[in-house]
Structures are given as structure tokens and as C-alpha cells.
K.L.:
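Before we start, here is the structure in question, set down as C-alpha cells.
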Amino acid sequence: MSRPLVVDVGRLLRDPGIRLHEQRATPLVALGVLGSVVPADSDVAVDVVIEAMDDRSLVATGEVRAPWTAECSRCLRPIVGSVTAPVRELFESPSASGGEEREATPDDQEIYPLLGDQVDLEPLARDAVLLALPQAPLCAEDCAGLCPVCGADRNEGDCGCDTTVRDERWAALDALKDS
Ligand SMILES: [Zn+2]
Ligand SMILES: [Zn+2]
């Protein structure tokens, strides 16, 4: 199994002060939420600067970008978009938390594993994209949606159905006026 987002960071760990600018792009399969998905053949782009905090932990700062496709949550027509998710994530050697107690990070930030001289940016990329994908995308802010009576796309014109809920008292007045 290839892991296209694995980065060799040994150099950083041995020589703190070096910054590594990584730009990678790769398709990631099965990446989506209820309302939208990243197409399996589209690239997810990771653009981060990685720096060592000490000899067992790193921080990756930058952004993750991905295209998505969806159906409009009102009218179901296909739509496309893209997300850009800022990231600032920690990688830490599992052994670092073994011996000594480590303070919990502020706001319970997820810490990704630093394994030997390598970090895998894929979990970071997936998490960032999942958080950024829209759950109820619209083709347009003012999408008129589907008619609840006949199912017609009301963006394409009035289907003629009466979908107003009438107040009985007004109905009575209308009847008086008509007579
Ligand atoms: Zn729509
Ligand atoms: Zn209708």
C-alpha cells in the first residue's frame, strides 16, 4: 500500500531550526461527509511547513485544499466546489508520552504520530478536509428547491401548484368578496 503523504523528517529532528516546506498532491479515496464528497480521482493538496519543536515533536502549519462534488440540498442538482482548510497540527513520538507525564494540550488538540523519522500527513489531510466539507451545500443561496407537491424544480419556473398554507379566516373573507 503506497502512502503518498509520508514525509521523511529525520533531518529536522537532528537539526532543529530547519524548516521543511512540503507540497504534495494525491487522490485520497473515501473522503466525504453526508452532504458532499471529494471525488476519488481528484487530488487533495497539502501545503505545509514542518518544524521540529524538540527532538521528538514537530508542528506542521499550512493548508489543505480539495475539490468536492455534491447535490444541492434543496433541488438535488449536481454542484461542485472546493475547500481550503488551514492546519496547525502536532506530531509527536509515541515514546515521548511514555516516560514522563505530559500536559494535556490546550483545547484537546489531536496529536498525530511521529514514527521514527517519518510523519504521515494523510490523517491530517483527511481530518482537515472532513471538517471543512459542506454538509448541506446549495447550488445558490436563493435556490427555490423542489415543489413539495409535484417535485418539479422550482428554479426552472413555477409549476403552478398551490403550496401556500391558507389561513381559514382569510379564506372565509375571500369567499365573501367573491360572492
Ligand atoms: Zn438548488
Ligand atoms: Zn408543483
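Read the numbers this way: they start at 1 and go in the same order the structure lists the ligands and their atoms. The analysis underlying the following values was restricted to heavy atoms, covering all of them including side chains, and did not include hydrogens, waters or symmetry mates. Numbers here are sequence positions counted from 1.
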K.L.:
Atom CZ in R77, atom SG in C139: separation rounded to 0.5 Å?
P.N.:
4.5 Å
K.L.:
Would you compute the distance between atom CD of Q135 and atom CG of L130 and round it to the nearest 0.5 angstrom?
P.N.:
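With rounding to 0.5 Å, CD (Q135) is 10.0 Å from CG (L130).
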K.L.:
Linking Ile, Leu, Val, Met, Phe, Trp and Tyr by side-chain heavy atoms under 4.5 Å, what else ends up with L146?
P.N.:
L76
K.L.:
Who pairs with D117 by salt bridge (charged side-chain N to carboxylate O under 4.0 Å, His left out), at least two apart in sequence or on another chain?
P.N.:
R14
K.L.:
Is there side-chain contact between L114 and L13, with at least one heavy-atom pair below 4.5 Å?
P.N.:
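Contact flag for L114/L13 side chains = yes.
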K.L.:
Measuring from atom CG of L133 to atom OG1 of T69, what distance do you get when rounded to the nearest 0.5 angstrom?
P.N.:
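Result: 9.5 Å between the selected atoms.
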K.L.:
With 2.8 Å as the limit, count the protein N, O or S atoms near the Zn ion (ligand 2).
P.N.:
4
K.L.:
Do V7 and L28 land in one hydrophobic cluster if side-chain heavy atoms of ILVMFWY residues count as linked below 4.5 Å?
P.N.:
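Both belong to a single hydrophobic cluster.
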K.L.:
Would you say the side-chain atoms of T84 and R65 include a donor-acceptor pair closer than 3.5 Å?
P.N.:
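Judged by distance alone, the side chains do not pair up.
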K.L.:
Listing residue and atom name, which protein N/O/S atoms are closer to the Zn ion (ligand 1) than 2.8 Å?
P.N.:
C72 SG, C75 SG, C139 SG, C143 SG
K.L.:
Just how far is it from atom CD1 of I111 to atom OG of S93, taken to the nearest 0.5 Å?
P.N.:
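Result: 11.5 Å between the selected atoms.
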